[in-house]
Amino acid sequence: MSKFAFAAAALLAAVVQGPFAAPAWSQAADTVLVNGKILTLDERGAVAEALAVRDGKVAALGRSAEIRRLAGKATRVIDLQGRTVIPGLIDSHMHAVRAALFFATEVNWIGTRSIPEAMRRVREAASARPGQWLIVAGGWMPEQFSEKRRPTQAELLAAAGENPAYVQFFYSAALLTPAGFKALNIASDADVAPRGRIERDAAGNPTGWIAGDNPTITALFDRLPLPDFEQKVAGTKMFFRELNRLGLTGVVDPGGFNLTPADYLPLFKVWQDRALTMRVAYSMFAQRAGRELEDFRNLTQLLPMGFGDDMLRFNGIGESVTWGMYNNDSPSEAQKAQLEEVARWAAGRSMTLTIHWGNDRSVAHLLEVFERVNRDRPIAPLRWSIAHLNDASNATLERMKALGVGWTMQDAMYFSGEAFIKSRGEAQARRTPPMVTAQRIGVAIGGGTDAHRVMSYNPFASLQWMLDGRTIGGVAMRGPEEIPSRETALRLYTQGSAWFSHDEGRRGSLAPGKFADLAVLSKDYMSVPVGEIGAIESLLTLVGGRVAYAAGAYAKLEGAR
């Protein structure tokens, strides 16, 4: 397009018809979507009937008749038939890189509603992979099953047959078949270091479950066979397509335990092949205890903040920054000083930092470090964030706001709300997490899941939980004063999450010039009963205007670019 033609198109695009900028003339669009309900999530919360895409970005929004005029002979015209379209969802805290490595060789229990249904998936995997390990890496809760209990070894054995099988429950327990115990040479508690314990029934017989803490279960999982490189590449493609099925077009990945630089190579391979269907902003996780700063310096010598492109980009360090401050409610001054040293190094490199913190009673230790760094170098432009912190107090949120520190909030209470109520009481549970309060104070919030070993990666399950405050077992927890509107919840999962990767100006809403990342939904998010939101899927997901996933009425578009 010539400079004159470009200027003319831009001028005409500014002619407003209704609440949208709809050009009267421009080059033909690549794709137009008409006859729909498009939730733009722009500043006015406007709803459009149609949308045009050109060169991977939104070209115009408006009425169907107006947008149809932008179609040329080669334009792909998609009739939405009244369906709802939302901006592509973005998970602000998902261990997607790690999950993808194993996705092609794991059994997934996410979304199952009974133990027989879960075992059916195990049985199908056993049939497809005779003699191979069957691994359920997490993402499930007993409360999601109609039986309201964990499966037994007998049930797992009946489904797995001769295959060795392993089922992980959070980072607290794992169930193995006898073949699994044999393959890992586990015969006593001493074989599950550092603090594992083989569970036994009242008669002293092993149940098949191993109980342990985070290091124990992590070490146990690391003894399982790893997929080869090609399986990791395949798993990455499969997992991202699975996320596309649920309307996700982006993730902010905080790294993970035992992820080495080599573990990122399958992701880089998919990216180099231009086969990524998710925008991935990734952080570097601390590796060696006591040598975190050395590792960060070495890993990032040729990796400046923001290095990459629109599909894959380096997003700083975390969520473990120093091991001495990870899940430590009583850090020493030396441990706080070590974190401060790394944080000052990160600030000096204009690097984003995200950090795991579990509870409000000890978060002052972290905020003190941030405040010391902030006195010398303002950290607000760097978009540092705290992950989790479900019980954040008003005082903590005010301190975060003053620093410009954001909050990546996950749906942990959807899965563990009953345990939280038991330990902290109903009064505290009523405001946990305080998402409405945090927004009123002005803290930047991103929606997310912390998937997949701990939580489900389904964003619609998370959105449903945001809106009804109920656990997966149906227990009402959060009070109405901390229940956002449907539009607000959706904004947290789009614009809110985009803030953490410095992207809110380019995605998170549907407006001219922004990326054409969107999902056509199976049900209307804005009007369906809240209890049905968790079952919503995407029938068509576009990432940069390209078809990433298509099903149902749009299945014929599968594989189209």
Side-chain angles (χ1 to χ4, degrees), residues 10 13-23 26 29-64 66-68 70-71 75-91 244 246-250 277-279 310 446-447 459-460 463 485-499 501 503-522 524-526 536 538-550 554:
V15 177
V16 177
Q17 301 183 32
F20 303 104
S26 68
D30 299 321
T31 301
V32 298
L33 295 86
V34 297
N35 301 325
K37 177 182 177 181
I38 299 172
L39 309 180
T40 67
L41 298 188
D42 66 7
E43 294 180 356
R44 295 166 292 185
V47 179
E49 284 183 355
L51 176 149
V53 177
R54 191 171 192 283
D55 294 334
K57 297 181 179 179
V58 176
L61 297 114
R63 302 183 184 92
S64 295
E66 297 164 350
I67 299 303
R68 280 187 184 275
L70 303 179
T75 299
R76 176 170 55 202
V77 179
I78 298 173
D79 190 342
L80 298 171
Q81 298 179 330
R83 296 183 177 91
T84 296
V85 176
I86 62 171
L89 299 173
I90 305 166
D91 193 306
N244 296 146
L246 296 168
L248 281 158
T249 59
T277 61
M278 297 286 295
R279 301 189 192 277
D310 293 336
F460 290 106
L463 283 164
S485 69
R486 295 195 190 207
E487 180 178 321
T488 296
L490 191 59
R491 285 182 184 274
L492 295 182
Y493 236 107
T494 50
Q495 295 169 331
S497 294
W499 184 89
S501 58
D503 272 341
E504 76 279 11
R506 303 192 299 166
R507 56 182 175 144
S509 61
L510 296 172
K514 286 196 169 185
F515 290 133
D517 296 355
L518 58 86
V520 181
L521 304 184
S522 58
D524 180 14
Y525 166 81
M526 295 299 291
I536 293 176
S538 177
L539 298 176
L540 176 65
T541 303
L542 302 186
V543 179
R546 296 173 56 183
V547 176
Y549 176 82
Y554 307 106

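All values below were derived from every heavy atom in this structure, side-chain atoms included, with hydrogens, water molecules and symmetry-related copies excluded.
- Taking CG of Asn35 as the reference point, atom CD of Gln81 lies at 8.5 Å (rounded to 0.5 Å).
- Considering OH of Tyr554 and OH of Tyr549, their distance stands at 13.0 Å, rounded to 0.5 Å.
- Closest approach of Phe515 to Leu510, counting heavy atoms only: O-CD2, 4.4 Å.
- For Gly508 against Gln495, the heavy-atom pair with the smallest separation is O-CG, 3.2 Å.
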* Asked: Run the side-chain hydrogen bond (donor to acceptor under 3.5 Å, both in side chains) check on Ser509 and Asp42 step by step: do they pass?
  -> CA-CA 6 Å; Ser509 61; Asp42 66 7; over 6 Å; no
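- Partners of Ala50 under the side chain to side chain contact (heavy atoms under 4.5 Å, CB included) rule, at least two apart in sequence or in another chain, are Val34, Ser64, Ile67.
- The shortest side-chain heavy-atom distance between Lys37 and Val47 falls under the 4.5 Å cut-off.
- Under the 3.5 Å distance criterion, the side-chain polar atoms of Thr277 are left unmatched by any main-chain donor or acceptor of Ala548.
- Remark: Leu542 CG to Ile78 CD1 distance equals 6.0 Å, nearest 0.5 Å.
- The distance from the CG atom of Leu492 to the CD1 atom of Ile90 is 12.0 Å, given to the nearest 0.5 Å.
- Across all their heavy atoms, Asp55 and Asp30 have their closest contact at N-OD2, 2.7 Å.
- For the pair Asp517/Arg279, a side-chain contact is recorded, criterion being any heavy-atom separation below 4.5 Å from C-beta on.
- Within 6.0 Å of the NZ atom in Lys514, the count of heavy atoms belonging to other residues, nucleotides or ligands exceeds 12.
- Residue Leu80 holds its CG atom at 5.0 Å from CG of Leu33, rounded to the nearest 0.5 Å.
- Considering only heavy atoms from C-beta on, Thr249 comes within 4.5 Å of Thr541 through its side chain.
- At least one side-chain heavy atom of Arg506 sits under 4.5 Å from a side-chain heavy atom of Asp310.
- Side-chain contact between Leu490 and Leu89: present, with at least one pair of heavy atoms (C-beta onward) separated by less than 4.5 Å.
- Taking both residues in full, the closest heavy atoms of Leu540 and Ala550 are given as CD1-CB, 4.0 Å, listed atom of the first, atom of the second, then distance.
- Counting only distance, with no hydrogens or angles, the side chain of Arg546 and the backbone of Gly56 share no donor-acceptor pair below 3.5 Å.
- Closest heavy-atom contact between Asn244 and Met278: ND2-SD, 3.2 Å.
- With rounding to the nearest 0.5 Å, the separation of CG in Leu39 from CD in Glu487 is 8.0 Å.
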* How far apart are the C-alpha atoms of Val85 and Leu51, what are their side-chain angles, what is the distance that settles it, and do they pass the side-chain contact (heavy atoms from CB on, under 4.5 Å) test? -> CA-CA 10 Å; Val85 176; Leu51 176 149; 5.8 Å; no
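- Of all heavy-atom pairs spanning Gly447 and Ser497, the tightest one is O-OG, 3.1 Å.
- In this structure, the side chains of Leu521 and Phe460 come closer than 4.5 Å at one or more pairs of heavy atoms.
- Leu246 pairs by the side chain to side chain contact (heavy atoms under 4.5 Å, CB included) definition with Tyr457, Asn458, Pro459, Glu537, not counting sequence neighbours.
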